[in-house]
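What follows is a single structure, written as structure tokens, with notes after it.
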Amino acid sequence: MSDATAATNAAAAAAGVARPSVLSLPIKEKAALYAAYMPFLANGGIFVPTTKPYKVGDEIYLILTLMDDPTKYPIAGKIAWVTPSGANNNKAQGIGVHFSADESGQRVKLRIEELLGAALRSSRATHTL
């Protein structure tokens, strides 16, 4: 860690400002992408399986990889909902991350919708609402 990064982290901690958590989500197949994507959110979003405790509104930084695409998509987002362990209907534990309205959020939303194509209109069950 550089001195500047350490100083920034220390200043944020002293000010009581939590740095956004960083999660990585590799999606290897179209069915998994369909099950995780949330097109009903204004900027799009994705379900991230995790056992870490989060609250709605927490900021998060996500590194997303999509199937055979070599690009790693860095996305800033906010927790839109939390699925706790033991949720009804055996839903997977995790969080729903709402993509930000910035260029990175819009770029990944368009890329996901391009990959999913007509599957977006499917009525198959997903990990989302």
Side-chain angles (χ1 to χ4, degrees):
M1 180 177 338
S2 75
D3 290 339
T5 302
T8 301
N9 290 351
V17 176
R19 289 189 49 148
S21 182
V22 178
L23 290 176
S24 178
L25 180 63
I27 294 187
K28 301 195 183 320
E29 54 195 40
K30 190 174 183 176
L33 181 59
Y34 172 81
Y37 182 57
M38 300 182 295
F40 51 83
L41 292 177
N43 303 315
I46 199 148
F47 175 80
V48 181
T50 183
T51 57
K52 283 183 165 183
Y54 289 99
K55 296 187 300 279
V56 171
D58 284 354
E59 291 188 7
I60 191 162
Y61 193 74
L62 181 65
I63 308 295
L64 182 64
T65 51
L66 301 169
M67 301 182 289
D68 297 329
D69 187 337
T71 305
K72 289 187 184 306
Y73 295 93
I75 307 153
K78 285 195 177 193
I79 307 300
W81 93 84
V82 176
T83 303
S85 80
N88 290 341
N89 302 323
N90 294 322
K91 290 277 190 190
Q93 181 178 359
I95 54 175
V97 178
H98 189 186
F99 300 153
S100 64
D102 67 10
E103 189 271 332
S104 67
Q106 293 305 303
R107 184 176 68 148
V108 75
K109 179 181 192 285
L110 290 172
R111 180 66 179 131
I112 289 170
E113 291 181 354
E114 180 182 286
L115 289 168
L116 289 176
L120 282 171
R121 293 186 293 282
S122 173
S123 60
R124 286 189 324 239
T126 70
H127 294 304
T128 65
L129 303 173

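As a basis for the values below, the full set of heavy atoms in this structure was taken, side chains included, without hydrogen atoms, waters or symmetry mates.
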Intermediate values then yes/no, side chain to side chain donor-acceptor pair (under 3.5 Å), Tyr54 and Ser21: CA-CA 9 Å; Tyr54 289 99; Ser21 182; 2.7 Å; yes

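Within the 4.5 Å cutoff, the side chain of Phe99 has no heavy atoms near those of the Leu41 side chain. Contact check for Leu115 versus Met67: side-chain heavy atoms found under the 4.5 Å cut-off. Between Lys55 and Val82 there is no side-chain heavy-atom pair separated by less than 4.5 Å. At least one side-chain heavy atom of Ile79 sits less than 4.5 Å from a side-chain heavy atom of Val97. Within the 4.5 Å cutoff, no side-chain heavy atoms of Thr65 are placed close to those of Tyr73. Inter-residue side-chain proximity for Leu62 and Leu25 is flagged as met; some heavy-atom pair is nearer than 4.5 Å. Asp58 places none of its side-chain heavy atoms less than 4.5 Å from the side chain of Lys78. Side-chain contact check for Val48 versus Ile46: some heavy-atom pair is nearer than 4.5 Å.
By the salt bridge (charged side-chain N to carboxylate O under 4.0 Å, His left out) test, Glu29 is found to be paired with no residue, residues two or more places apart in sequence or in another chain being considered. Under the salt bridge (charged side-chain N to carboxylate O under 4.0 Å, His left out) criterion, Arg107 pairs with no residue, sequence neighbours left out.
Taken together through direct or relayed side-chain contacts under 4.5 Å among Ile, Leu, Val, Met, Phe, Trp and Tyr, Ile95 and Tyr61 form parts of separate hydrophobic clusters. Side-chain heavy atoms closer than 4.5 Å link hydrophobic residues (I, L, V, M, F, W, Y) into clusters, and following such links, possibly through other members, connects Phe47 to Phe40.
Residues Ser104 and Pro74 approach most closely at CB-O, 3.5 Å, considering heavy atoms. What you find for Pro39 and Glu113 is that their closest heavy atoms are CB-OE2, 4.4 Å. Annotation for His98 and Ala42: closest pair NE2-N, 3.7 Å, computed over non-hydrogen atoms. Considering every non-hydrogen atom in both Lys109 and Gly44, the closest pair reads CE-N, 3.7 Å.
A donor-acceptor distance shorter than 3.5 angstrom exists from the side chain of Ser100 to the backbone of Ala76, with no hydrogens or angles considered.
The one candidate from Asp69, Leu23, Ile75 that meets the side chain to side chain contact (heavy atoms under 4.5 Å, CB included) condition with Leu64 is Ile75.
For the atom pair OH of Tyr34 and CD1 of Ile112, the computed distance is 14.0 Å after rounding to the nearest 0.5 Å.
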